[in-house]
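Heads up, the thing below is written out as structure tokens.
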Amino acid sequence: MAADLNPDWLSCLPSSWSYGVTRDGRVFFINEEAKSTTWLHPVTGEAVITGHRKTPDLPTGWEEGYTFEGARCFIKV
């Protein structure tokens, strides 16, 4: 289950930026002015970590997560 999105990073988005969330829970940022996207927050330069996600295709006791660099990983819980 993904964690609640932190309003601090939302409130500091520049005016020409918005965000989206992929089907698998990753947050990405949209530069409306430049018509581009990035995994990294435009102010902090860091990826937003939303937490782990359980999926039906993973074995019981495993969750999917993402590293700070945005790489997918699997966690035995």
Side-chain angles (χ1 to χ4, degrees):
M1 181 169 92
D4 289 335
L5 299 178
N6 184 341
D8 290 340
W9 65 259
L10 278 176
S11 64
C12 69
L13 276 177
S15 61
S16 62
W17 288 79
S18 61
Y19 76 95
V21 181
T22 65
R23 279 183 274 146
D24 61 359
R26 291 182 70 190
V27 175
F28 63 96
F29 298 94
I30 306 160
N31 183 332
E32 305 289 352
E33 195 172 284
K35 306 277 191 250
S36 63
T37 61
T38 180
W39 296 113
L40 304 178
H41 190 283
V43 175
T44 66
E46 297 178 1
V48 172
I49 306 303
T50 58
H52 304 159
R53 185 176 74 92
K54 291 182 181 180
T55 61
D57 57 328
L58 290 176
T60 302
W62 286 86
E63 292 181 356
E64 182 180 21
Y66 292 94
T67 67
F68 286 107
E69 295 80 26
R72 189 166 90 171
C73 62
F74 299 96
I75 301 105
K76 177 88 170 124
V77 290

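If you read the sequence from its start, that first residue is 1, and numbering goes on from there. Since this is a predicted model, take the numbers as computed values, not measurements.
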Query raised in the report: Which atom pair, heavy atoms only, marks the closest approach of L13 to H41?
Result: CD2-NE2, 3.7 Å

Distance in Å, [X] [atom1] paired with [Y] [atom2], rounded so as to fall on 0.5 Å steps:
X   : Y   : atom1 : atom2 : answer
W62 : F74 : CH2   : CZ    : 9.0 Å
S15 : E33 : OG    : CD    : 7.5 Å
T37 : Y19 : OG1   : OH    : 16.0 Å
K35 : I30 : NZ    : CD1   : 11.0 Å

Query - Sequence-distant partners of P14, side chain to side chain contact (heavy atoms under 4.5 Å, CB included), two or more places apart - result: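 Testing P14 for side chain to side chain contact (heavy atoms under 4.5 Å, CB included), a comparison that skips the adjacent residues, returns W17, P42, V43.
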
